[in-house]
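One structure, pasted below without further comment.
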Amino acid sequence: MNILQKSRAKSPWILHYDAGACNGCDIEILACLTPVYDIERFGMVNVGNPKHADVLLVTGTCNKRSARVLKNLYDQMPDPKVVVAVGACALSGGIFHECYNVLQGVDGTVPVDVYVPGCAARPEAIMEGVMMALEKMNQR
Amino acid sequence: MMETMEIKPQEIIDIPNIRDVDVSELLDRVKKAADEKRRFVTMTALDRGDHFEVLYHFDRDLHLEHLRVRVPKGQTLPSISSVYLAAFLVENEIKELFGLEITDIAIDYQNHLYLIEGVEPAPMAKDKPLE
Amino acid sequence: MSNRTVIPFGPQHPVLPEPIQLKLELQDETVVSAIPHIGYVHRGIEKAAERMEYTQNVFLVERVCGICSFIHALCYCQAIEQLQNIEASPRAKYLRVIWSELHRLHSHHLWLGLFADAFGYESLFMQFWRNREMLMDIFDKTAGSRVIISTCAIGGTRRDISDVHLQEILDTLDEVEKQLDKTLPVILNDYTVKKRTVGIGKITREQALELGAAGPVLRANGVAQDMRQLGYAAYGELGFEPVTENDGDCYARAKVRARECYQSVELVRKAIRQLPDGEILTKPKGRPKGQVISRVEQPRGELLYFLSADGTNRLDRLRIRTPTFANVPPLVAMLPGCELADVPVIVLSIDPCISCTER
């Protein structure tokens, strides 16, 4: 592992986009940032700008309108980048998979590296998912 | 099917305080509700096959009152957003999801409140598949 | 010189956990008009509710909103109970109040944190969210899940709360109240916070009523309307008075929610003290037939469910009107005249829940 990879793995910046979730997973991602789970001890920071981000956390079933926004955000992120899909909806559409405005899962829109299951995904699972994504990023 | 037959017919429950009105007198009725300081709660549309049933829900001091209009398919319904501006969102929703043409909405999203171009219009109508 | 610019606010914005877009028309730094553009979270739950069986819909409506999932399920179950002409047992009614109020408490903590973050008070955001974790632990212990607890069922509740857990809830609430005493004065008395909230995003009482505002937005204008006054579940026996403020600005809305936190703590304590023994689930009989409207108070305001059932095991129509849907027109009225930098604070002051709004 060279110094660039090592430092990247120690300070991944996270971009979160809600592509159509019920909020359950979103508030769990926010809970990761706050004192009890404190994701910042791994050097992770939640940023609002896609050009600053290394990891894209996507929650929710993608719908036809948010798919375009999601694609835009993904395209703006610099390489290397990884995508973590959080929650049952982001994986397959979950309980909404047969709704008329729902695309089943976000992997039809952006390539997903790590799938975090759960409805809603627990903060521990989300953190584990991000750590796995970082390993994958360093193998590239 | 057998299970349905065993069950005793129940009394059909309907919502209280409901008043049927004609499309032509709707705006006058709504204006009256506005004059009496009723709070507009929402509208509900139901697809009844050959016509749409639209309910207007108003609240005064925690009591709900409702107006019901029946609009045959293919006919239009006037918007009440000139009286209650708050109705513009729900009117756009009904127009888009049911395909009921509502005229003169204060802010008209031209059928793109929820759905983007190129998708099947009026997905909530009964003749559209459930999935 | 006229310098009108249109700025899109959202759909992806650092202060918004959820996507909504506001097209802001600006004259220099001042907002002239705002038009909301939604549809980024629209799934089509109302249609899905016609496809699923009415008993399965409980799980569907819980996922309309992950923040107040229990209250959605409660509203739906109460509607079905009315149609089937059954009543939840007294114990179930009290358990429903306990879980509802804990949800309100966690939602208000969540909001107070996000609101603090919106005017740049990050440490306060962390404080509120740390306190909120105590409440999440209660959900974890009593229901086995942190967010979507799935304890409400048609005819009562699916789980009981044991005496050990009831005592734990009481102990946690003491701690929560102690922490609120420390953190809330910052929101309510701090000079810089007041500078950002007092007089910002003001609407009048008449506007609030005309535009159909709901919940804390309405009560911040002095209108004492809270669906808990209807006395559903056990609220009728607990004695309930809505919290109101008169100024109709962001500060008044924050104050309403801050005072409601204490009120929720008291309601849970009272419900635990008066909790009767007995069964928790009444067996439903027959199939729902007819039309019914059910209203409950969500953390964000009045939630209305309209159900139309024709006696089969599927519903004919399920209509969900959520409080944020009602609060979007007042938001559009709050924004003109404010400065661009105040837009995030004003948007958050209605406590937007977009996934509720679009379903």
Side-chain angles (χ1 to χ4, degrees), chain A residues 15-38 40 46-50 52-53 56 59-70 72-73 76 87-89 93-103 118-125, chain C residues 10-19 21 37-49 51-52 56 59-60 62-69 72 106-107 110 113-114 117 122-123 125-134 136-137 140 145-148 150 353-356 358-359:
Chain A
L15 176 73
H16 164 225
Y17 182 66
D18 169 0
C22 75
N23 271 339
C25 297
D26 307 286
I27 58 175
E28 291 297 61
I29 287 176
L30 279 176
C32 286
L33 303 168
T34 51
V36 174
Y37 296 99
D38 193 17
E40 286 192 22
N46 190 28
V47 291
N49 188 333
H52 297 174
L56 176 61
T59 54
T61 65
C62 221
N63 73 23
K64 285 155 193 164
R65 185 173 287 186
S66 67
R68 223 177 64 198
V69 183
L70 180 63
N72 265 339
L73 289 172
Q76 287 181 68
C89 299
I95 195 165
F96 308 118
H97 68 290
E98 278 169 334
C99 293
Y100 56 80
N101 201 31
V102 163
L103 306 170
C119 182
R122 293 182 72 91
E124 295 94 334
Chain C
Q12 191 260 344
H13 189 280
V15 304
L16 298 169
E18 291 180 276
Q21 189 179 44
H37 283 260
I38 58 176
Y40 296 95
V41 203
H42 180 65
R43 287 151 285 180
I45 292 180
E46 289 180 6
K47 185 84 173 179
R51 177 177 56 81
M52 289 166 83
Q56 295 175 320
F59 304 102
L60 184 71
E62 277 178 341
R63 284 155 180 85
V64 171
C65 171
I67 302 177
C68 41
S69 61
H72 273 278
H106 110 75
S107 174
L110 181 146
L114 288 177
D117 195 43
E122 203 184 336
S123 56
F125 161 70
M126 295 290 182
Q127 293 290 340
F128 278 117
W129 278 65
R130 187 179 62 190
N131 300 342
R132 180 179 160 271
E133 285 296 328
M134 294 190 277
M136 303 312 277
D137 286 344
D140 214 349
S145 172
R146 283 164 53 88
V147 176
I148 291 173
S150 275
C353 176
I354 312 303
S355 86
C356 276
E358 303 180 12
R359 305 170 303 279

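Since the structure is predicted, the reported quantities are computational estimates derived from the model, not experimental observations. Letters go in sequence order (proteins before strands), and every chain restarts at 1. Computed over heavy atoms, backbone and side chain alike; hydrogens, waters and symmetry mates excluded.
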Least distance between heavy atoms, Asn63(A) atom then His42(C) atom =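 Closest heavy-atom pair between Asn63(A) and His42(C): ND2-O, 2.9 Å.
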
Which bit of Phe59(C) is near chain A, if near means a heavy-atom gap under 4.5 Å: side chain, backbone, both or neither?
->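 Looking at Phe59(C), backbone and side chain both touch chain A.
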
To the nearest 0.5 Å, what is the distance between CG (Asp140(C)) and CZ (Arg122(A))?
->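 Between Asp140(C) CG and Arg122(A) CZ, I get 4.0 Å after rounding to 0.5 Å.
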
Under a 4.5 Å cut-off applied to non-hydrogen side-chain atoms, are Arg132(C) and Ile27(A) in contact?
->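 Heavy-atom side-chain distance check passes, below 4.5 Å.
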
Could you state the interatomic distance from SG (Cys22(A)) to CG (Leu60(C)), rounded to the nearest 0.5 Å?
->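 With rounding to 0.5 Å, SG (Cys22(A)) is 10.5 Å from CG (Leu60(C)).
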
Top residue by heavy-atom pair count (under 4.5 Å) with chain C, among Ala120(A), Gly60(A), Ala31(A)?
->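 Among Ala120(A), Gly60(A), Ala31(A), the one with the most close pairs to chain C is Ala31(A).
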
Please report the closest heavy-atom contact between Gly20(A) and Arg43(C), naming both atoms and the distance.
->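 Distance-wise, the nearest heavy atoms are O-CD, 3.7 Å.
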
Check whether His72(C) gets within reach of chain A through its side chain, its backbone, both or neither, counting any heavy atom under 4.5 Å.
->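 When you check distances to chain A, no heavy atom of His72(C) falls under 4.5 Å.
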
Thr34(A) vs Phe125(C) side-chain heavy atoms within contact, under 4.5 Å |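 They are in contact (side-chain heavy atoms under 4.5 Å apart), so the answer is yes.
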
Shortest non-hydrogen contact between Val147(C) and Gly24(A), atoms and distance =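 For Val147(C) and Gly24(A), the tightest heavy-atom pair comes out as CG1-CA, 3.6 Å.
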
Leu30(A) versus chain C, heavy atoms under 4.5 Å apart: side chain, backbone, both or neither?
->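 Both backbone and side chain.
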
In this structure, which one of Asp26(A), Asp18(A), Asn23(A) forms a side-chain contact (heavy atoms from CB on, under 4.5 Å) with Ser355(C)?
->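 The option that passes is Asn23(A).
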
Option that, when pairs with chain A are counted at under 4.5 Å, heavy atom only, ranks first among Cys353(C), Gly44(C), Cys356(C) =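 The residue among Cys353(C), Gly44(C), Cys356(C) with the greatest pair count is Gly44(C).
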
Closest-packed option against chain A by number of heavy-atom pairs under 4.5 Å, given Val64(C), Leu110(C), Ile67(C) =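 Of the candidates given, the most pairs with chain A belong to Ile67(C).
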
Taking the side chain as every heavy atom from C-beta outward, state whether Trp129(C) and Tyr37(A) have any pair of such atoms under 4.5 Å apart.
->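 No, side chains not in contact.
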
So what's closer than 4.5 Å to chain C heavy atoms on Ala19(A): side chain, backbone, both or neither?
->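 Only the backbone of Ala19(A) comes within 4.5 Å of chain C.
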
Nearest heavy atoms of Phe96(A) and Arg63(C), plus distance in Å |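 Result for this residue pair: CZ-O, 3.3 Å.
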
Hey, what do you get for SG (Cys99(A)) to CZ (Arg359(C)), rounding to the nearest 0.5 Å?
->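 Atom-to-atom, Cys99(A):SG and Arg359(C):CZ are 12.0 Å apart.
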
Val36(A), Ile29(A), Leu33(A): which one forms the most heavy-atom pairs within less than 4.5 Å of chain C?
->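 Of the candidates given, the most pairs with chain C belong to Val36(A).
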
Is a donor on one side and an acceptor on the other found under 3.5 Å between the side chain of Arg65(A) and the backbone of Val41(C)?
->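 Answer holds: no.
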
Hey, are Arg130(C) and Asp38(A) close enough for a salt bridge, meaning a charged N less than 4.0 Å from a carboxylate O?
->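 Looking at Arg130(C) and Asp38(A), the cut-off is not met.
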
